[in-house]
Every structure is written in structure tokens, then in C-alpha cells.
2 protein chains.
Amino acid sequence: MSTIKEVARLARVSPATVSRVMNGEVPVAEETRRRVEDAMKQLGYRPNSFARSLASNRSDCIGLVISHLAGPFMGTLMVNLEEKLRLHRKSLLVASGHNELIREQESIDFLMSRRCDGLLVQSDRLHDDALVALAAQIPLVVINRRVPGLEGQCSYVDNQQGGYLATRHLIEQGHRHIACITGPRWKQDATQRLAGYHQAMEEAGLAVPEGAVVEGTWQESSGREAVDTLRRRGVPFTALAVGNDDMAIGAMLHLKELGLSVPEDVSLVGFDDEVYAHYVTPGLTSVHVPVDRMAQAASGRVISLAYDDPWQGPLCFSTHLVERGTVAPPSSAHVTHP
Amino acid sequence: MSTIKEVARLARVSPATVSRVMNGEVPVAEETRRRVEDAMKQLGYRPNSFARSLASNRSDCIGLVISHLAGPFMGTLMVNLEEKLRLHRKSLLVASGHNELIREQESIDFLMSRRCDGLLVQSDRLHDDALVALAAQIPLVVINRRVPGLEGQCSYVDNQQGGYLATRHLIEQGHRHIACITGPRWKQDATQRLAGYHQAMEEAGLAVPEGAVVEGTWQESSGREAVDTLRRRGVPFTALAVGNDDMAIGAMLHLKELGLSVPEDVSLVGFDDEVYAHYVTPGLTSVHVPVDRMAQAASGRVISLAYDDPWQGPLCFSTHLVERGTVAPPSSAHVTHP
DNA sequence: GTCGCCAATGCAATCGATTTCATGCTCGTC
DNA sequence: GACGAGCATGAAATCGATTGCATTGGCGAC
């Protein structure tokens with residue numbers, strides 16, 4: 001593998017000039033530039049990224065910490081992050097939190113010791129304070145979460161608006177008894193989706209009866225259980241606003257097992273608009289989350305922070321409803337109760 | 001940020017000794033080691049990874065090229081890769097091929113110029129030759145593909161065995177007219193799954209009629225279309241062995257739309273055992289692919305190659321069948337034909 | 001013709017580690 | 001008591017780029 005010196009010798013210039021040709025900031029005579037470029041090509045020269053980083057104190061790497069790499073969205077998220085970063089010739093260094101706080105912290109440490117130029121963090125477990133502190137040390141963008149004090153460095157989806165949309169849709173179809181299955185309360189997106197539900201109910205002058213909100217785990221099985229819980233509690237409902245698609249599908253399958261039909265007896269709206277939302281019959285009506293745009297914004301923003309590029313554009317994105325087949329007007333005859 | 005020299009001064013030793021303490025290969029007196037470690041702690045010292053890499057000519061990074069980051073399995077794949085690599089204190093540098101040959105090549109170039117210590121490549125588009133050539137330049141492990149001449153550096157699943165398993169299961173249930181929907185023929189896993197189908201059919205002495213094999217795109221929609229194609233061709237079938245779950249689900253939903261029921265009229269086996277395989281009703285019987293073990297093996301192997309660690313263990317993994325509800329004995333009255 | 005300026009380029013220090021070789025010290029042996 | 005072996009440590013070269021400063025040469029102004 002050839003070095004900058006060999007290129008310099010072949011092009012009959014100094015290494016400094018070769019460096020200037022590569023980095024292109026400083027003017028170089030046309031003739032010289034050509035000679036250097038020829039020499040580089042001829043030798044198949046590849047700059048040594050270690051030496052470059054050492055001297056320039058930049059790594060051209062952006063670190064990504066993800067709470068769980070196999071989670072929903074992560075594919076879409078990574079595709080879009082990677083694409084944008086590579087456009088800027090930056091590499092993506094990935095570390096997973098494996099769903100544990102301590103491993104998320106380790107991951108951040110790990111990426112910091114690699115001296116990434118910037119960090120993208122998607123985490124539910126880390127404290128707001130920890131993120132604010134981190135942002136003081138390194139260009140940071142938080143993904144899918146809004147951290148007070150870090151406005152402008154958080155790229156996220158307006159989950160409350162999504163919850164509102166889902167619930168309002170049910171109300172518009174005539175439902176009055178709408179229960180809600182949420183994700184874990186300690187997750188911001190879960191509580192915000194729930195807030196949207198409350199907002200829509202309140203706006204419509206509908207009371208949310210005691211026990212009409214059930215906390216799930218995001219998983220399909222907890223959707224099933226939530227249905228049982230609601231029935232056990234004796235909460236009447238003709239519709240369910242559900243925090244994500246997996247739980248919605250779980251609820252839906254379980255309702256069928258109980259002899260209730262969707263949407264005739266119970267209407268259902270999911271959240272996330274996963275690819276498999278239409279695999280159930282009827283297809284699941286769901287709230288679409290623009291993960292791609294959120295990811296693009298996040299990567300754009302982290303680049304702007306890390307390399308003082310200019311930046312403009314939104315960091316908060318709104319959702320929209322995708323109607324399929326799980327919502328219909330209530331047939332009053334079928335108000336469900338235990 | 002403090003440097004090795006500052007640590008050395010504080011501990012009253014030379015930088016060389018600090019280096020030796022860090023790397024631990026060379027013996028250092030107990031008392032000295034303690035002083036150095038105290039100094040490191042006191043200064044919050046973090047070795048500069050650029051300088052380290054420059055001097056040692058190692059990056060402690062493993063590159064990962066993935067044909068499409070949002071593809072099925074990629075989540076599971078990455079979780080397992082990342083976990084194993086981090087255990088060895090290696091970083092994972094990710095680049096996507098975005099489903100195009102040229103961008104896969106670019107990705108490899110990109111990671112090579114970052115001087116990764118090793119490369120993990122999951123690609124359908126790259127030629128065998130290109131991979132063999134690449135392996136001569138850098139420690140390489142190929143994921144989910146068997147490359148002649150690179151035995152021992154390919155971690156993959158026995159797709160033929162999986163195809164065989166699926167088809168034999170249908171045969172054992174009494175089916176004689178089994179059609180097949182495959183993935184794109186230029187993908188190795190697709191053709192191998194198909195080979196398994198042929199193997200099982202032949203073994204059972206069943207002929208595969210002209211037109212009973214339809215090529216799809218892996219996508220749900222192509223499963224639907226394949227069903228139409230089969231009917232148009234007039235191929236009789238009581239069962240379908242399908243190349244992946246998405247197409248299987250597409251076929252299944254479409255069969256229902258056509259008024260046929262699964263499994264009474266048509267039995268169905270998918271492949272991949274995706275999480276959502278049981279979201280359809282009845283749940284899809286499918287062939288489970290041990291992606292986790294394949295990923296662990298791949299990362300173990302690449303580490304062994306890059307850092308000459310010893311290595312042993314299998315690189316080829318077999319599948320198993322997960323029975324749900326889409327297979328039943330054929331009801332001869334319902335042999336499907338156009 | 002000389003001076004000064006500017007553009008282009010070279011020189012050499014620097015980044016922060018690793019690693020080879022040399023050195024000093026201790027200890028056991030004869 | 002001298003010598004050699006062996007261990008712990010230090011000095012200094014090295015990895016391959018970047019970059020501040022010095023130098024050169026060409027050219028226009030006076």
C-alpha cells in the first residue's frame with residue numbers, strides 16, 4: 001500500500017502538495033494537480049485514514065446507538081441514516097444497547113472512545129439529564145424522542161398528533177366507547193400516543209371511564225391480554241385505539257377467538273403502519289409514521305452539528321392515517337361488555 | 001483530553017511503559033502497573049484510537065456490507081453480529097448496498113479505505129470471483145451464501161434442506177400435486193430452496209409438471225400473482241411450497257379472495273418463519289432459519305481470521321419446520337384447477 | 001530596475017500511540 | 001567477587017497524514 005510520500009515523489013512535489021490536492025481547500029496549480037492525480041491513480045493510492053484522523057483530529061465517523069437493533073423501524077431507520085451519511089462520505093459506526101440501560105451507556109462510551117465526530121442516539125432508557133450532559137461533550141442528535149433543553153437536536157415524530165388522529169377517526173365514525181391499549185408508560189412515545197387519545201376524547205366531550213386504558217408491552221401477546229383485562233374490568237367498548245400494530249393485531253386475533261368480529265363488533269386502529277399491517281383480515285387501519293424522513297433529518301442535523309454545515313428543515317414530523325378495514329361505524333346492538 | 005505522555009509523567013514512567021500496561025502483553029512490575037493505572041484513572045485517560053491504529057496498523061473495526069439494510073433478518077443479523085464483536089471490543093462499521101451491485105462495490109471500497117481489520121459481506125449480486133478476489137486482500141466472511149473456493153469463510157443456512165423439509169412435510173400429509181413459488185432465480189438461496197423442493201418430489205417419485213414452478217420476487221404481491229399464473233397455466237395443485245413467508249402470505253390472502261380456503265382446499269408452507277407468520281389465519285406453517293446462529297458463526301469466524309484466533313465450529317446451519325395451521329391432508333374433492 | 005505582493009509550493013513540526021533496541025539492575029552460579 | 005542471564009524500563013524511531021510558516025518566482029506599480 002503506497003503512502004503520500006511515494007505519490008509525492010512520483011509527481012515530483014512535496015507531500016504537503018499531495019495533501020492539498022486531496023483536500024481541495026487550498027488552490028493548487030492546474031498542472032500540478034493533474035500530475036498528482038495521475039500519480040495517485042497510477043499507484044492506486046488510498047490515504048491512510050488513521051494518519052489522516054490523527055493529524056486532523058476528525059474521524060469522519062458518526063456513531064449510532066440503538067436501544068434494540070432488531071426493533072421495528074430499525075431497518076428503515078438505518079437505511080436512511082446510512083444513505084445520507086455516505087453521501088457526505090461519513091461512516092456509520094453502530095452499537096446496540098440490547099434493551100438495557102447499562103449497555104446503552106457502554107455503547108456510548110465505546111463510540112466516544114472511538115472518537116466519532118458525532119453521535120446519533122435512539123434510547124428510551126437514558127435520562128434526559130444524561131442526554132443533555134452528553135450533548136455538551138459531542139455533537140449529538142436524539143432520535144425519536146423530544147428532550148427538553150435539546151430542542152433543535154431531537155428528530156422525532158409527533159406521536160400525540162398520531163394518537164389524536166387515530167382516536168378522532170374512531171369518533172368520527174360514531175364511536176363513543178373507545179378503550180385504549182398503550183405501550184409501556186415509561187416510554188415517551190407510548191405516553192404521547194396516549195395523550196393524543198385523551199386529547200381527542202376530551203375534545204369530543206367523551207369521558208374516559210376508569211379502567212379504559214390498559215398498559216401493554218408493545219408485544220402482540222399483551223394486546224391479547226389487554227382485551228381480557230378490559231372485559232374483566234367490565235369496561236364497555238365498541239372500538240380500540242391501540243399503541244402499536246403488534247398489540248392491535250394481538251387484540252384483533254383474540255377478539256376473533258372470543259367470537260367477536262372486527263370491525264362489526266369492535267373497530268380497531270393500530271399505530272406504526274408496519275408492512276404486515278395488511279396481513280390480517282381485514283387489513284389493519286393504522287397510523288403511519290414517517291421514519292424515513294425522521295432518519296434523514298437526524299443524519300442531516302448531526303452532520304451540520306459535527307462539521308458546522310448550515311442546516312435548516314423540520315425535526316418534528318407528523319403522522320397520517322392509513323385506512324384499511326378495521327374501522328366501521330358501531331352497530332349499537334353490539335356494544336361489547338363482559 | 002489527556003495523552004499517554006501526561007499519564008506517563010504523572011506515574012513517573014515513560015510512555016512506553018504506559019503503553020505496555022494498556023496492552024498487557026509484556027510483563028510490568030506490579031507496583032509500576034498500579035501507579036500507571038491510578039494515573040490513568042485520575043486523568044480520565046482514554047487512548048487515542050487514531051494514534052493507536054496508526055502505530056499498530058489495526059483499526060479494531062469490522063466492516064459489514066449488507067445488500068439491503070431493511071431486508072428481512074437484518075435486524076436479527078445485526079443484533080447478533082454486534083453483540084459478538086463488541087464482546088471482543090471490536091466496532092462494527094456498516095455500509096449498505098441499497099440493493100444495487102454498484103453500490104455494493106462502492107460500500108466495499110469505502111470500508112476498505114477505512115482499513116477495517118475484516119469484512120462481513122452479505123450480497124447476492126457480487127460475483128463469486130469478485131468475492132474470492134476480495135478474500136485475498138482482507139479477512140472476509142460471506143454471510144448467507146456459499147462461495148466455491150471460499151469454504152470455511154462462508155456462514156450460511158442449508159436452504160436446500162429447508163426446501164426439502166417443507167416439501168416432504170406436504171408429501172407426508174398426502175399431497176401429490178404440489179406447486180412451488182420461488183424467489184428470484186439469480187439469488188442463491190432461492191434456487192437452493194427450489195432444489196430442495198425438487199429433491200423431495202423426486203424422492204417421493206412425484207413428477208413436477210411443466211409450469212408448476214413460478215418465479216416470484218420475494219414480495220407479497222408476487223405471491224398473489226403466482227397463484228394467478230398457476231391457475232392460468234392450468235396446473236393442478238393441492239399444496240404450495242413457497243420460497244418465503246411474504247409470498248406465502250400473499251398467495252394465501254389471494255386464495256381466500258378467490259374463494260378457496262386454506263388449508264382445506266390448498267395447503268401452504270412458507271419459509272423464514274418471520275415474526276408475523278402467525279398473524280394470518282390460520283397461522284402460516286413455515287421453515288425456521290437460524291439467523292442468530294449464522295450471525296454468531298460469521299462474526300466468530302471473521303474475528304478468528306482477522307486476529308488469528310483459533311476457530312472451530314460449524315458454518316452451515318440446518319433449518320427446521322414450524323407447524324402452524326396451513327397444512328392439512330388434501331381433500332381429493334378439491335383438487336384445484338382453473 | 002527595484003520593490004512588494006500574491007499565488008504556489010516546500011519544509012518541518014505535530015498528532016499520540018507502538019515497538020525495537022539498548023540499558024541498568026538483581027540474582028544465582030561458579 | 002565477577003560474570004552472565006533475565007527482567008523491567010526508557011529512549012527514540014516510526015506509523016502517514018495535516019498544517020503553520022517560510023520560500024520562491026512572477027508580475028505589476030512606481
Tell me if the NE2 atom of B:H88 is crowded by more than 12 foreign heavy atoms within 6.0 Å. yes
Verdict with reasoning, B:K41 to B:E37, per salt bridge (Lys or Arg N to Asp or Glu O under 4.0 Å): CA-CA 6 Å; B:K41 197 159 297 170; B:E37 281 168 351; over 6 Å; no
To the nearest angstrom, how far is A:L54 atom CG from C:dT18 atom P? 12 Å
pair A:P290-A:D292: side-chain heavy atoms closer than 4.5 Å: yes
Taking atom P of C:dT18 as reference, at what distance in whole Å does atom CZ of B:F50 sit? 15 Å
Just call it for A:R12: base, sugar-phosphate, or nothing, with non-hydrogen atoms closer than 4.0 Å on any strand. sugar-phosphate
Assess the residue pair A:R146 and A:N159 against the criterion (side chain to side chain contact (heavy atoms under 4.5 Å, CB included)); give the C-alpha distance rounded to whole Å, side-chain angles, the decisive distance to 0.1 Å, and a yes or no. CA-CA 11 Å; A:R146 194 177 161 283; A:N159 281 295; over 6 Å; no
B:S107 versus A:R86, side-chain donor and acceptor atoms under 3.5 Å: yes
Taking protein heavy atoms under 4.0 Å as touching, what does nucleotides 17-24 of chain D look like 5' to 3' if B marks base contact, S marks sugar-phosphate-only contact and - marks none? BBBB----
Are any of the side-chain nitrogens in A:R34 or A:E30 under 4.0 Å away from the carboxylate oxygens of its partner? no
Let me know which of A:R115, A:R114, A:K90 forms a salt bridge (Lys or Arg N to Asp or Glu O under 4.0 Å) with A:D60. A:K90
Side chain of A:R125, backbone of A:E100: donor and acceptor closer than 3.5 Å? no
Taking all heavy atoms of A:C61 and all of B:L93, pick out the closest pair and write down the distance. SG-CD1, 4.4 Å
Close approaches to DNA chain D from residues 25-38 of chain B, in residue order (heavy atom, under 4.0 Å): B:P27, B:V28, B:A29, B:T32
Using the C1' atoms of five pairs at each end, what's the angle between the two axes of the helix from C:dG1-D:dC30 to C:dC30-D:dG1, to 10 degrees? 50°
Are any of the side-chain nitrogens in B:D124 or B:K187 under 4.0 Å away from the carboxylate oxygens of its partner? yes
From CG of B:N57 across to P of C:dT18 the rounded distance in Å is 13 Å
